[in-house]
Amino acid sequence: TTALDNMDDEEKDEDVEEYKLQAEALKDKGNEAFQAGDTNTAIAFFSNAIDIDPDNHVYYSNRSAAYMKADSKGKALKDAEKCVELAPTWSKGYSRLGAAQQSLKRFDAAIDTFKKGIELDPNNKALWSSLKACQASLDVDRKHRFAAAEIERQAETERLKRLEEIRKEIKEDRERRLQEEKAEKEEDLLSGFLTEITARSEAEGKDNSNEAKVEAPEGEDDMLAGFFNEISSKPENSDTAAVSKSSVDPSSEQETKQENVLTEKYTNQDLGDGRTQVERLLSSHYEWKNLNPYAVFQLDIDATEEDIKYRYKKLSLKVHPDRLRGVENAREAFEEVKNAYLRLTDESQRKTTILHIENATDEAKKERRKLILKGTKETDLPSMEDFIKVKVMKHFAEIERMRRISDKNMKAYNARDKMQETEEKEKIQKFQEFDKNWSEEDRRDKRIGNWRDFQVEPESKKLKSSSYKEEKREQTKHGVVKLETWKKKWK
């Protein structure tokens with residue numbers, strides 16, 4: 001505690017006015033109370049002295065010290081400012097003001113105040129000591145504030161990171177659901193496509209529809225009816241049925257060909273105009289019909305590489321969107337031709353395609369022979385050419401369906417693995433946070449303290465029951481019953 005100040009000897013004259021003597025007497029009583037530790041009484045005496053002599057800076061200085069001791073920092077600051085205002089050249093006032101500012105954590109202002117006091121009294125050791133202590137407190141406060149700011153930044157970073165993860169999860173979940181819906185829709189379309197082909201093929205065998213078009217079932221839309229008529233109608237010329245003819249009797253064609261030689265039947269084949277090709281390539285269910293690249297190019301499996309290149313040039317020129325600017329969807333037809341060419345120029349894909357066509361052809365022949373052996377007349381069945389054509393389409397559609405199912409299962413498997421990995425990371429993170437919180441000393445002590453408090457629970461908290469009495473039972477011999485006992489307990 002800083003010692004209180006007394007008035008200068010010069011101010012004590014014999015002619016001093018009576019009110020100043022009264023104020024001095026109150027100040028002295030305040031000093032005595034302050035030294036005795038009675039802060040509130042000291043503040044009251046200093047306040048009375050200020051009321052009598054409000055221009056005396058010493059009274060404000062002493063009351064500021066008393067307010068500081070009573071932890072009234074705001075009032076201490078106000079009295080210190082008044083003291084400096086009344087006596088700007090008194091160094092002790094700057095000491096009071098700096099102490100009040102420092103207590104309110106106004107370290108920069110306190111340092112400036114102490115420096116002003118040192119300028120007035122360079123040899124004042126108390127001011128120098130207060131200045132060093134204030135600078136040290138400023139450094140500690142800055143470290144604490146920087147640490148708190150760093151914790152807040154880390155928390156904000158974690159929050160933003162978690163928010164970004166949540167947004168990413170929501171986006172991935174939305175994309176996954178869209179992909180699943182799209183896959184389900186495509187699967188439904190494919191199932192409908194396969195059902196339509198099968199139904200139409202069976203209807204052809206029963207109705208002998210080689211010479212007439214079969215109408216679509218009642219309730220089907222125009223696109224489905226057109227699709228039925230398309231796959232069931234007999235090709236008008238040999239050009240549109242090139243693939244089927246080759247599939248009927250592949251042994252009749254020469255097995256080995258020079259790949260760099262054009263085949264005359266393909267060079268002389270009439271492909272029609274561009275509009276006709278666009279309609280053919282983009283007919284109903286074209287996404288399933290064009291799975292067979294040979295059907296897109298209207299070629300047999302015996303076509304050479306030169307035949308494929310030549311046919312690509314002719315078809316791409318006919319359906320090119322620059323030449324068919326007035327034709328809608330010309331770009332899509334061109335892309336279908338381009339995709340078919342890419343599959344056929346890839347040697348492995350071309351061999352796989354030929355193998356699928358040959359397998360479908362063999363299955364169609366076996367199935368047709370079984371139907372004939374069972375008693376179906378050959379005239380009641382579709383022609384071999386149409387029968388194989390439908391079988392090849394169904395074969396490629398089934399392969400595509402299985403591929404999409406496989407992709408869907410693979411995506412679901414990857415999503416499940418990713419979800420499990422995320423859950424595992426979250427479990428590890430939660431365990432680390434729990435372990436960190438558990439190892440904090442203050443929380444451990446608090447838990448131990450709570451346990452100890454529970455062990456030494458005061459008597460007042462224990463449950464008491466004044467109405468409880470221990471039941472007393474009469475000891476009787478085993479097997480002996482008092483017949484009148486129930487009457488005693490009847491009420």
Side-chain angles (χ1 to χ4, degrees), residues 182 186 189-190 193 222-227 229-231 233-247 257-354 356-357 385 389 392-393 395-397 399-400 403-404:
K182 183 179 179 181
E186 291 178 350
L189 290 173
L190 180 57
F193 171 72
D222 295 337
M223 294 179 63
L224 185 60
F227 170 70
N229 291 329
E230 180 182 347
I231 63 173
S233 61
K234 191 172 183 179
E236 296 178 358
N237 51 60
S238 60
D239 294 337
T240 58
V243 177
S244 300
K245 287 183 178 180
S246 171
S247 301
K257 272 184 172 289
Q258 296 180 356
E259 293 297 325
N260 57 351
V261 176
L262 288 172
T263 305
E264 183 178 357
K265 67 175 180 178
Y266 298 134
T267 56
N268 297 330
Q269 186 176 356
D270 183 16
L271 301 178
D273 58 2
R275 293 178 181 272
T276 303
Q277 286 295 334
V278 171
E279 293 176 358
R280 180 184 70 86
L281 293 170
L282 299 180
S283 59
S284 60
H285 299 284
Y286 71 91
E287 63 271 15
W288 309 118
K289 295 179 181 178
N290 295 341
L291 291 173
N292 181 7
Y294 281 101
V296 175
F297 276 10
Q298 295 177 278
L299 293 175
D300 298 336
I301 58 176
D302 63 345
T304 64
E305 291 185 5
E306 290 297 324
D307 292 331
I308 295 171
K309 293 178 182 179
Y310 181 77
R311 182 56 54 86
Y312 173 67
K313 291 178 181 179
K314 291 189 68 175
L315 278 180
S316 60
L317 287 175
K318 285 182 177 294
V319 300
H320 200 281
D322 292 340
R323 297 187 63 180
L324 300 176
R325 295 183 180 180
V327 178
E328 187 178 2
N329 299 330
R331 170 64 63 180
E332 295 182 19
F334 179 77
E335 291 296 329
E336 291 293 327
V337 174
K338 183 179 178 181
N339 293 334
Y341 178 71
L342 293 176
R343 294 199 298 271
L344 289 177
T345 51
D346 188 326
E347 184 177 358
S348 61
Q349 292 190 30
R350 186 173 72 252
K351 290 182 178 180
T352 303
T353 302
I354 293 174
H356 286 312
I357 294 175
E385 182 179 318
K389 181 180 178 180
V392 170
M393 269 198 293
H395 185 80
F396 277 96
I399 292 174
E400 178 65 14
R403 184 192 68 78
R404 293 186 179 184

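Throughout, residue positions are numbered sequentially from 1 according to the sequence presented.
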Can you name the one residue among Val337, Asn339, Leu344, Thr345 that meets side-chain contact (heavy atoms from CB on, under 4.5 Å) with Tyr341?
Thr345
Is any side-chain heavy atom of Glu336 less than 4.5 Å from a side-chain heavy atom of Val319?
no
Taking all non-hydrogen atoms of both residues, which atom of Ala330 and which atom of Pro321 are closest, and how far apart?
CB-CA, 4.1 Å
Do Leu262 and Tyr266 have side chains that approach each other closer than 4.5 Å (heavy atoms only, starting at C-beta)?
no
Minimal heavy-atom distance between Ala295 and Lys289, with the atoms involved, is CB-O, 4.4 Å
Verify, without hydrogens or angle tests, whether Asn290 (side chain) and Leu281 (backbone) share a donor-acceptor contact under 3.5 angstrom.
yes
Quick check: does any side chain N or O of Lys338 sit under 3.5 Å from a backbone N or O of Ser316, one acting as donor and the other as acceptor?
no
Should the heavy atoms of other residues, nucleotides or ligands under 6.0 Å from CZ of Arg325 be counted, would the total exceed 12?
no
For the residue pair Asn292 and Arg343, what are the closest heavy atoms and their distance?
C-NH2, 4.4 Å
side-chain hydrogen bond (donor to acceptor under 3.5 Å, both in side chains) assessment of Gln298 paired with Gln277:
CA-CA 11 Å; Gln298 295 177 278; Gln277 286 295 334; 3.2 Å; yes
Minimum side-chain heavy-atom gap Leu291-His356 below 4.5 Å
no
State whether Arg403 and Glu400 are salt-bridged, where the test is any N-O pair (Lys NZ or Arg NE/NH1/NH2 against Asp/Glu carboxylate O) under 4.0 Å.
yes
Check whether Arg280 reaches the backbone of Val296 with its side chain - one donor and one acceptor, N or O, closer than 3.5 Å.
yes
Between Leu271 and Arg311, is any pair of side-chain heavy atoms under 4.5 Å apart?
yes
Under 4.5 Å between any side-chain heavy atoms of Ile357 and Thr353, yes or no?
yes
Report yes or no: does Lys318 contribute a side-chain atom to a donor-acceptor pair with the main-chain N or O of Thr276 at less than 3.5 Å?
no
Is a side-chain N or O of Thr304 found less than 3.5 angstrom from the main chain of Asp307, in a donor-acceptor match?
yes
Closest non-hydrogen atom pair, Ile301 against Tyr294
CA-CE2, 3.9 Å
What are the two closest non-hydrogen atoms of Arg275 and Leu324, and how far apart are they?
N-CD1, 4.5 Å
Under the salt bridge (Lys or Arg N to Asp or Glu O under 4.0 Å) rule, what do Glu385 and Lys389 come out as? Steps first, then yes or no, please.
CA-CA 6 Å; Glu385 182 179 318; Lys389 181 180 178 180; over 6 Å; no
What is the minimum heavy-atom distance between Ser348 and Thr352, and which atoms define it?
O-OG1, 2.8 Å
